[in-house]
Structures are given as structure tokens and as C-alpha cells.
Amino acid sequence: MPLLTAQQAAARLGVKPETLYAYVSRGLLERTRTANGSLFDPLEIEAFATRRTRAATPRPSDGTRRGGGRATAHGPRHRHREHRRR
């Protein structure tokens, strides 16, 4: 199986190439450096994608949200300051 370029591996994971390289720097993925850039083992990318999918928290099946949701525009965190003209 041929190795994947950084762009191909990032696309498979659904991330930007910068994020892919962050995974490399954290030791979560390995790469092979070449004169033309980095190459990634497709089996390792697939395994990493599977681990990430399993680690994601599933949403409730009834469509409700449980905590951690965004505040509404009417909440206290989103009061707008008055803009002063000089």
C-alpha cells in the first residue's frame, strides 16, 4: 500500500495539515521525511482515525444537548459594550 502525503493524510482525518503536524509533534503519529515532504503510513492513519472516532462523545439519540453547549446571544457572556464615538 503506498504511503500518503501530508495533504492526503490530513484529508482522511478531516483536519488541516498543520493539525496533522501537531499530532506528529505530540507523538500521536509517525511520519517518514523525504526530499519532497512527509509521508504517512495509511494503516496508521486509519487506526488513528478509528481511535479518534471512538474517543468522540456520542450525542444523545433524542436530539437533546447535555451541558457544554454554547451560550445563547441573550446570556450574560454576550452583552455588547456600547461603542463610544470620539
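Here the structure is a predicted model, which means the values were calculated and not measured.
Applying the 6.0 Å contact sphere to CD of E46 captures more than 12 heavy atoms from other residues, nucleotides or ligands.
For the atom pair L39 CG and T34 OG1, the distance stands at 4.5 Å (nearest 0.5 Å). The CG atom of L4 lies 9.0 Å from the CZ atom of F40; values are rounded to the nearest 0.5 Å.
Across R52 and V15, no two heavy atoms sit closer than the pair NH1-CG1, 3.8 Å. D41 and L43 make their closest contact through OD1-N, 2.9 Å (heavy atoms, listed as atom of the first residue, atom of the second, distance). L13 and I45 make their closest contact through CD2-O, 3.7 Å (heavy atoms, listed as atom of the first residue, atom of the second, distance). Taking every heavy atom of both residues into account, P42 and P2 meet most closely at CG-O, 3.4 Å. A pairwise comparison of heavy atoms in P17 and Q7 identifies CG-NE2, 4.3 Å as the closest pair.
At distances below 3.5 Å, not a single donor-acceptor pair connects side-chain atoms of E30 with backbone N or O atoms of V24. A donor-acceptor pair is defined here as one N or O able to donate and one able to accept, closer than 3.5 Å; such a pair exists between the side chain of T53 and the backbone of A49.
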task: Tell me, with the steps shown, if E44 and L29 meet side-chain contact (heavy atoms from CB on, under 4.5 Å).
output: CA-CA 7 Å; E44 183 180 7; L29 287 173; 3.8 Å; yes
